[in-house]
Novice: 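First the structure, then my questions, so here it is.
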Amino acid sequence: MTPRILVLAGEPSGDLHGGHVVSALRARFPDATIDAIGGPRMAAAGATIRRSIEGLSAMGLVEILDKLPAHWRLLQTLKRDFAQRRYDLVIPVDYPGFHLRVAEAARRAGIKVLWYIAPQFWAWRPGRARRFSRAVDRLAVILPFESEFFRAVGIATDYVGHPLVDQVGPPTQADARAALQLPADARVLAVFPGSRRGEIARLWPIYREAAQQLLAAGDCTHVLVAATPDGSYGDTAGCLLVRDHPECVLAAADAALAKSGTTTLEAALADVPMVVAYRLHPITFRILRSLITVRWASLVNLVADRGIVPELMQQAVTADALVAAVRPLLDREGTAACEQRRGFAEVRARLGGPGASERLAALAGQMLAA
């Protein structure tokens with residue numbers, strides 16, 4: 001029987017990882033029907049896009065409210081598909097709020113669910129993992145400490161390694177600086193204010209002020225901003241927006257200022273010292289503050305289980321605080337930068353070897369054959 005598989009992403013990062021999943025599934029099942037809720041990367045990998053992710057993604061409890069009608073309509077469509085047995089296997093990629101409802105609907109219809117990239121229930125409201133355990137048949141996790149947590153709530157869990165390890169190596173610093181027309185001896189700060197409009201609005205003005213102070217003081221000579229293709233950044237005096245060559249931003253940098261999230265692991269893999277700073281919508285933060293159960297916000301510190309990189313959150317995110325934290329890291333041979341790089345080596349060792357998507361496809365094969 002030719003497998004019929006649905007892969008779901010809810011935001012650009014999920015589309016990126018989903019693209020690798022689709023490629024691995026195509027290699028293992030060349031004749032399979034692979035549909036997707038996704039974006040351009042999943043389409044390029046060979047999936048038929050049923051619904052674009054554009055207009056679906058949001059960050060935070062408040063921000064997601066205006067996305068609910070689109071999510072509801074899509075869920076009703078998928079429920080009809082499941083009732084008609086259109087698929088043999090459903091693979092949600094991250095994005096737990098909506099995907100959990102999809103997984104529940106699939107299992108009620110008797111369709112197997114292989115979840116890739118686990119919800120961070122270990123970080124806040126771990127009790128929700130009980131509901132999650134009833135919605136999935138198997139779970140593929142990408143962080144080494146997650147297996148024990150999810151197995152404890154009765155979920156068949158496999159650690160497949162982190163997909164970032166599979167990415168093609170970044171350009172050398174010299175090549176990246178040449179591509180961006182920067183001097184070879186520049187001292188470069190990379191700034192990552194996020195990809196969502198709300199993140200950019202909350203973080204960029206403070207990041208910009210800190211970067212401009214560092215430029216004025218001579219602590220760095222260039223500031224690169226990892227900008228989205230259509231993001232609005234207002235005053236960018238002294239800063240270079242990089243919209244077309246994101247792989248060059250970290251590669252060219254001596255240090256980084258970044259929001260929490262996958263960017264922190266990317267910086268660790270690139271061996272770039274960093275400061276992590278993040279602000280949520282105030283209402284979202286007040287709600288989450290009482291629910292969070294982990295000490296660290298950044299994935300780097302979570303994987304290492306210790307404070308390798310400085311973290312600043314909410315009202316602690318001020319321009320002066322960012323300047324004080326970033327300044328010592330711009331000296332690549334300084335104590336602070338060297339200590340972080342030693343910690344990054346530990347993180348890289350814990351993330352496992354390449355092949356996460358291929359291991360995920362192998363799990364899919366086992367489930368389809370069962």
Side-chain angles (χ1 to χ4, degrees), residues 13 16-17 142-145 161-180 182-194 207 210-211 214 219-226 240 242 245-278 296-312 322-356:
S13 64
L16 171 63
H17 300 314
I142 64 172
L143 296 171
F145 57 83
H162 203 287
L164 285 179
V165 179
D166 288 318
Q167 292 187 6
V168 177
T172 65
Q173 187 177 84
D175 288 344
R177 291 185 176 188
L180 297 171
L182 301 178
D185 61 350
R187 183 170 290 188
V188 179
L189 172 65
V191 177
F192 295 84
Y207 280 17
L214 290 164
D219 295 297
C220 60
T221 59
H222 295 78
V223 174
L224 305 178
V225 182
L240 174 63
V242 182
H245 301 285
E247 72 283 357
C248 289
V249 177
L250 272 175
D254 293 296
L257 172 58
K259 74 177 190 71
S260 59
T262 304
T263 300
T264 67
L265 285 184
E266 292 174 330
L269 290 171
D271 221 22
V272 177
M274 79 192 91
V275 171
V276 175
Y278 199 67
W296 309 110
S298 69
L299 289 173
V300 168
N301 289 345
L302 283 165
V303 171
D305 196 25
R306 64 186 182 90
I308 291 175
V309 304
E311 296 183 357
L312 301 173
L322 295 181
V323 167
V326 170
R327 177 176 284 130
L329 299 179
L330 287 161
D331 177 5
R332 287 189 61 85
E333 303 307 320
T335 300
C338 290
E339 286 182 352
Q340 281 203 22
R341 286 198 293 271
R342 283 193 290 270
F344 295 161
E346 176 184 336
V347 170
R348 289 193 294 270
R350 293 188 178 191
L351 289 178

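Atom set for the values below is all heavy atoms of this structure, side chains included, hydrogens, waters and symmetry mates excluded.
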Novice: Under 4.5 Å between any side-chain heavy atoms of Val191 and Val223, yes or no?
Specialist: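 Val191 reaches Val223 side chain to side chain.
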Novice: Could you tell me if the side chain of Leu180 sits less than 4.5 Å from the side chain of Val242, heavy atoms only?
Specialist: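 Counting from C-beta outward, Val242 and Leu180 do come under 4.5 Å.
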Novice: Identify, with sequence neighbours excluded, every residue that meets side chain to side chain donor-acceptor pair (under 3.5 Å) alongside Thr262.
Specialist: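 Residues passing side chain to side chain donor-acceptor pair (under 3.5 Å) with Thr262: none at all.
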Novice: Evaluate the criterion side-chain contact (heavy atoms from CB on, under 4.5 Å) for residue pair Leu182 and Leu224; output intermediate values, then yes/no.
Specialist: CA-CA 10 Å; Leu182 301 178; Leu224 305 178; 4.0 Å; yes
Novice: Glu346: what forms a side chain to side chain donor-acceptor pair (under 3.5 Å) with it, not counting sequence neighbours?
Specialist: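 Partners of Glu346 by the side chain to side chain donor-acceptor pair (under 3.5 Å) criterion, ordered by chain and then number, come out as Arg306, Arg350.
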Novice: Grab the two heavy atoms, one from Pro193 and one from Ala226, that are nearest each other, plus how far apart they are.
Specialist: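 Heavy-atom minimum between the residues: CD-O, 3.8 Å.
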Novice: Please name the pair of heavy atoms, one in Gln340 and one in Pro273, separated by the smallest distance, quoted to 0.1 Å.
Specialist: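 Answer, listing the atom of Gln340 first, then Pro273: OE1-CA, 3.2 Å.
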Novice: Any side-chain heavy atom of Phe192 within less than 4.5 Å of one from Leu250?
Specialist: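 Yes, at least one pair of side-chain atoms sits under 4.5 Å.
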Novice: Restricting to non-hydrogen atoms, name the atom on Cys220 and the atom on Leu330 that form the minimum distance, rounded to 0.1 Å.
Specialist: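 Here Cys220 and Leu330 meet closest at CB-CD1, 4.0 Å.
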Novice: Go through the structure and list residues passing side chain to side chain donor-acceptor pair (under 3.5 Å) with Asp331, not counting sequence neighbours.
Specialist: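 Testing Asp331 for side chain to side chain donor-acceptor pair (under 3.5 Å), a comparison that skips the adjacent residues, returns none.
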Novice: Quick one: are Leu265 and Val347 in side-chain contact, heavy atoms under 4.5 Å?
Specialist: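 In short, these two side chains touch, coming nearer than 4.5 Å.
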Novice: How about His222 and Leu189: do any of their side-chain heavy atoms sit closer than 4.5 Å?
Specialist: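 They are not in side-chain contact.
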Novice: Going by side chain to side chain donor-acceptor pair (under 3.5 Å), name the residues that satisfy it together with Asp271, two or more places apart in sequence or in a different chain.
Specialist: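 If we apply the side chain to side chain donor-acceptor pair (under 3.5 Å) test to Asp271, skipping adjacent residues, the hits are Arg348.
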Novice: Would you check if the side chain of Tyr207 reaches a backbone N or O of Val225 as a donor-acceptor pair within less than 3.5 Å?
Specialist: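 No, the answer is negative, given that no donor and acceptor are paired below the 3.5 Å cut-off.
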Novice: Ignoring hydrogens and geometry, is there a side-chain-to-backbone donor-acceptor pair from Thr221 to Arg187 under 3.5 Å?
Specialist: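 Judged by distance alone, yes, a pair lies under 3.5 Å.
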Novice: Can you give me the closest heavy-atom contact between Leu302 and Phe145, atom names plus distance?
Specialist: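 Closest heavy-atom pair between Leu302 and Phe145: O-CE2, 3.7 Å.
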Novice: For residues Val300 and Ala268, report the shortest heavy-atom separation together with the two atoms involved.
Specialist: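 Closest pair (atom of Val300, atom of Ala268, distance): CG2-CB, 3.9 Å.
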Novice: Only counting residues at least two apart or in another chain, list the ones meeting side chain to side chain contact (heavy atoms under 4.5 Å, CB included) with Pro328.
Specialist: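 Side chain to side chain contact (heavy atoms under 4.5 Å, CB included) list for Pro328, sorted by chain: Ala336.
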Novice: Hey, does Leu351 have a side-chain heavy atom less than 4.5 Å from the side chain of Ile142?
Specialist: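 Ile142 does not reach Leu351 side chain to side chain.
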Novice: Are Met274 and Phe344 close enough that some pair of their side-chain heavy atoms sits under 4.5 Å apart?
Specialist: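 Result yes, sub-4.5 Å side-chain heavy-atom pair found.
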Novice: Could you tell me whether the side chain of Asn301 and the main chain of Ile308 form a donor-acceptor pair under 3.5 Å?
Specialist: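 Yes; judged by distance alone, with no hydrogens or angles, the pair exists.
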Novice: Can I get a per-line list of side-chain donor-acceptor pairs under 3.5 Å for residues 252-261, giving both atom names and the distance, sequence neighbours left out?
Specialist:
| residue | atom | partner | partner atom | Å |
| --- | --- | --- | --- | --- |
| Asp254 | OD1 | Arg177 | NH2 | 3.4 |
| Asp254 | OD2 | Arg177 | NH2 | 2.9 |
| Asp254 | OD2 | Val188 | N | 2.7 |

Novice: Please name the pair of heavy atoms, one in Val276 and one in Ser298, separated by the smallest distance, quoted to 0.1 Å.
Specialist: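 What the structure gives for the nearest pair is CG2-CB, 4.0 Å.
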Novice: So does Glu247 get a backbone contact from the side chain of His245, meaning a donor-acceptor N/O pair under 3.5 Å?
Specialist: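 Not at all, since once roles are kept as given, no pair shorter than 3.5 Å links the two residues.
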